[in-house]
Amino acid sequence: MSSSLFSLAFVRLFPNVNWSNMYDATYETLHMSFIALIFTFIFGIFLGLVLFLTAKGNLWENKVIYGITAFFVNVFRSIPFIILIVLLIPFTRVIVGTMLGPSAALPALIIGAAPFYARMVEIALREIDKGVIEASKSMGASNAQIIFKVLLPEAMPALVSGLTVTAIALVSYTAMAGVIGAGGLGDLAYREGFQRRQTDITFVATVIVLVIVFIVQLIGDLITNKLDKR
Amino acid sequence: MISLSDLVKTFHTRDGKVTAVDHIQLTIDEGEIFGIIGYSGAGKSTLIRLLNMLETPTSGEVVVAGKNMGRLTKQQLREARQEIGMIFQHFNLLWSRTVKENIAFPLEIKGVPKAEREKRVNELISLVGLDGRGGSYPSQLSGGQKQRVGIARALANNPKVLLCDEATSALDPKTTDSILELLVDINKKLGLTIVLITHEMHVIRKICHRVAVMEHGKIVEQGPVLDVFKRPREQMTKEFVKQVTEPEETEETLKHLFGADGIGHVLQLTFVGGDAKKPLINDIIRTFDVTVNILQGKISQTQNGPYGSLFIGVEGDRQEVQKVLEYIREKHVSVEVIHGE
Ligand SMILES: Nc1ncnc2c1ncn2[C@@H]1O[C@H](COP(=O)(O)OP(=O)(O)O)[C@@H](O)[C@H]1O
Ligand SMILES: [Mg+2]
């Protein structure tokens with residue numbers, strides 16, 4: 001009884017909102033962000049490790065590799081996301097084979113977010129006390145053991161909090177990805193809300209994005225605090 | 001156990017060449033506790049890091065436990081390092097791991113199976129006196145406890161040598177003593193060779209058998225701790241020896257006492273080796289017609305016996321005091337008249 005009253009009020013408040021579409025758009029946003037986040041995590045950790053390990057005075061010091069990696073990371077981090085999407089359209093066509101639907105946005109999302117995350121990974125790794133790495137070497141650890149048993153576990157809280165920031169950036173990127181018809185809440189807010197002047201749709205879509213962001217932040221903080229034994 | 005020949009390490013910095021270790025020759029025997037003392041920047045850390053190749057020598061040779069460290073392949077070097085434990089001033093523990101997991105770390109590196117690891121970790125926790133703290137994280141421990149974890153970790157793979165880089169410099173005096181006792185204990189129990197570097201003479205005094213004094217990358221003086229204490233040749237060594245033998249305000253205090261009349265002679269007795277336990281003062285008072293007044297004193301225990309100075313005021317007639325001096329000399333205690341004729 002009360003719940004039907006509640007939904008009635010809801011319908012009145014937002015006359016133009018099609019809740020089923022809204023649900024689909026939310027799902028697409030989450031889906032895009034999530035898949036992109038997984039790949040961003042993998043590439044970001046990899047690039048961040050390369051940046052850290054090849055930097056001056058580190059395990060695999062190598063000016064050339066560091067220079068090239070840093071160059072690409074900086075370039076892709078500096079291109080505004082909206083331009084990156086457009087630039088990547090031909091590339092996406094080849095890779096994804098289609099320019100419609102959520103997968104179309106993935107290459108741009110990943111290429112936009114991975115360098116961003118890579119820098120955070122690099123910073124997280126640099127925060128590790130050099131003495132700990134030295135102690136591991138003195139115990140006869142191999143480089144692989146240092147990476148997997150020391151660097152990554154010791155940096156884990158910072159890696160997770162960086163990932164939280166990146167996830168939030170990704171959610172906002174997906175909103176822009178609407179431009180190339182990738183779907184999601186941004187797409188819905190733009191096409192149905194803005195272009196058709198249905199403010200209530202824009203409003204609801206925005207609120208849902210905010211809720212997603214808050215929840216991501218909350219979960220991220222919880223995990224970070226749980227991991228942080230310092 | 002360790003021999004260094006013509007060892008040199010040069011760093012190229014923006015301000016030019018820095019020779020941190022300058023043609024060092026050194027032999028350290030099996031089972032001894034060898035101390036290296038020097039002021040900050042003398043090159044001590046560089047020297048100790050050369051022993052396990054954390055620094056590669058510019059030239060010269062490092063032989064540890066029969067292995068020429070500079071000639072090993074990467075794999076061999078890693079295996080050799082498992083036989084050389086190291087502890088650090090700032091402990092360098094993994095904060096994401098518990099005490100047990102920290103101690104298990106070198107065992108994981110070596111590839112020791114889990115069940116065996118567990119057993120060894122428990123042994124080590126008892127050895128260093130951390131029973132019941134195995135599940136704690138380093139951040140929950142005091143400095144002394146952290147260093148105990150560091151020691152347990154360094155001993156996990158039964159090393160032949162333990163390197164200590166300013167291992168007690170971040171600890172308060174009481175904790176320092178307990179860690180030093182633990183090191184002596186380990187040295188005796190396991191026959192482990194210990195190399196320790198420090199800028200504090202009392203650390204050397206307390207636990208080392210032999211000592212080398214380092215300055216500007218060179219070893220300027222070395223020998224058994226008591227010998228160096230007895231006859232410091234270099235100015236630098238004298239300064240370090242002063243840290244532990246002379247009570248800080250000695251001169252002040254004595255000057256004060258000279259001012260007040262009534263004290264005939266002031267003698268400085270220097271005890272070296274086993275003599276400090278003899279009831280010397282008691283004998284003097286009983287045998288001679290003098291009164292003795294103890295003014296200041298500091299006697300320290302070293303690994304090879306006590307060492308220190310005692311300042312006494314002696315009153316009596318001149319001849320009697322002269323006899324006292326002879327008597328003291330007979331007992332092989334060196335004596336100096338620092339006031340009175
Ligand atoms: N990695 C390095 N690069 C350049 N100079 C160094 C390096 N490590 C040590 N030094 C220099 O070598 C000298 C000896 O340093 P160190 O061995 O740390 O002395 P100590 O441990 O006795 O204080 C110092 O002048 C220091 O600046
Ligand atoms: Mg040092």
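Just so we're on the same page: letters track the sequence lines, and every chain starts at 1.
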*Asks:* Quick one: which of A/Ala135, A/Ser138, A/Ala141, A/Pro153 has the most heavy-atom pairs under 4.5 Å with chain B, could you say?
*Replies:*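 If we count pairs closer than 4.5 Å to chain B, A/Ser138 comes out on top.
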*Asks:* With a 3.5 Å cut-off and no angle check, do the side chains of B/Gln75 and B/Arg78 form a donor-acceptor pair?
*Replies:*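 A pair is found: one side chain offers a donor N or O, the other an acceptor, under 3.5 Å apart.
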*Asks:* Applying the side chain to side chain contact (heavy atoms under 4.5 Å, CB included) test to A/Ile45, which of A/Leu163, A/Leu125, A/Val121 qualifies?
*Replies:*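 Exactly one option meets the side chain to side chain contact (heavy atoms under 4.5 Å, CB included) with A/Ile45, and it is A/Val121.
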*Asks:* Suppose a student defines contact as a heavy atom less than 4.5 Å from any heavy atom of chain A. Which residues in residues 119-134 of chain B would they list?
*Replies:*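 The stretch does not come within 4.5 Å of chain A.
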*Asks:* Which members of residues 51-69 of chain B, sorted by number, sit under 4.5 angstrom from chain A on a heavy-atom basis?
*Replies:*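 Expected list: B/Asn52, B/Leu54.
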*Asks:* Which atom pairs, donor and acceptor, lie under 3.5 Å between side-chain atoms of residues 41-48 of chain B and protein residues at least two apart or in another chain?
*Replies:*
from    : atom 1 : to       : atom 2 : distance (Å)
B/Lys44 : NZ     : B/Gly38  : O      : 3.0
B/Lys44 : NZ     : B/Tyr39  : O      : 3.0
B/Ser45 : OG     : B/Asp165 : OD1    : 3.4
B/Ser45 : OG     : B/Asp165 : OD2    : 3.2

*Asks:* So, B/Asp172 side chain and B/Thr175 main chain: donor-acceptor pair closer than 3.5 Å or not?
*Replies:*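 A pair under 3.5 Å: yes.
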*Asks:* Which residue out of A/Lys130, A/Met156, A/Lys149 racks up the most heavy-atom pairs below 4.5 Å with chain B?
*Replies:*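 Heavy-atom pair counts peak at A/Lys149.
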*Asks:* Could you tell me which portion of B/Glu108 (side chain, backbone, both or neither) has an atom closer than 4.5 angstrom to a non-hydrogen atom of chain A?
*Replies:*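 Its backbone and side chain both get close to chain A.
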*Asks:* Identify which part of A/Gln145 has an atom lying under 4.5 Å from any heavy atom of chain B, answering side chain, backbone, both or neither.
*Replies:*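 Side chain only.
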*Asks:* For A/Asp221 and A/Thr224, which I'm curious about, is there any donor-acceptor pair between the side chains at under 3.5 Å?
*Replies:*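 Their side chains do not contain a donor-acceptor pair, so the 3.5 Å distance test is not met.
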*Asks:* Quick check: are there more than 12 heavy atoms from other residues, nucleotides or ligands sitting under 6.0 Å from CZ of B/Phe11?
*Replies:*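 Counting neighbours around CZ of B/Phe11, more than 12 heavy atoms of other residues, nucleotides or ligands fall under 6.0 Å, so yes.
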*Asks:* I'd like to verify something: which residue of A/Asp228, A/Val132, A/Ile128, A/Ile133 has the highest number of heavy-atom pairs under 4.5 Å with chain B?
*Replies:*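 Max contact count across the listed options: A/Val132.
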*Asks:* Report, by ascending residue number, the residues of residues 84-102 of chain B in heavy-atom contact with chain A at a distance under 4.5 Å; give 'none' if the set is empty.
*Replies:*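 Against chain A, the residues of residues 84-102 of chain B that fall inside the cut-off (heavy atoms, under 4.5 Å) are B/Ile84, B/Met86, B/Phe88, B/Asn92, B/Leu93, B/Leu94, B/Trp95, B/Ser96, B/Arg97.
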*Asks:* Please classify the contact between A/Leu227 and chain B as side chain, backbone, both or neither, with a heavy-atom cut-off of under 4.5 Å.
*Replies:*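 Interface part for A/Leu227: backbone (N, CA, C, O).
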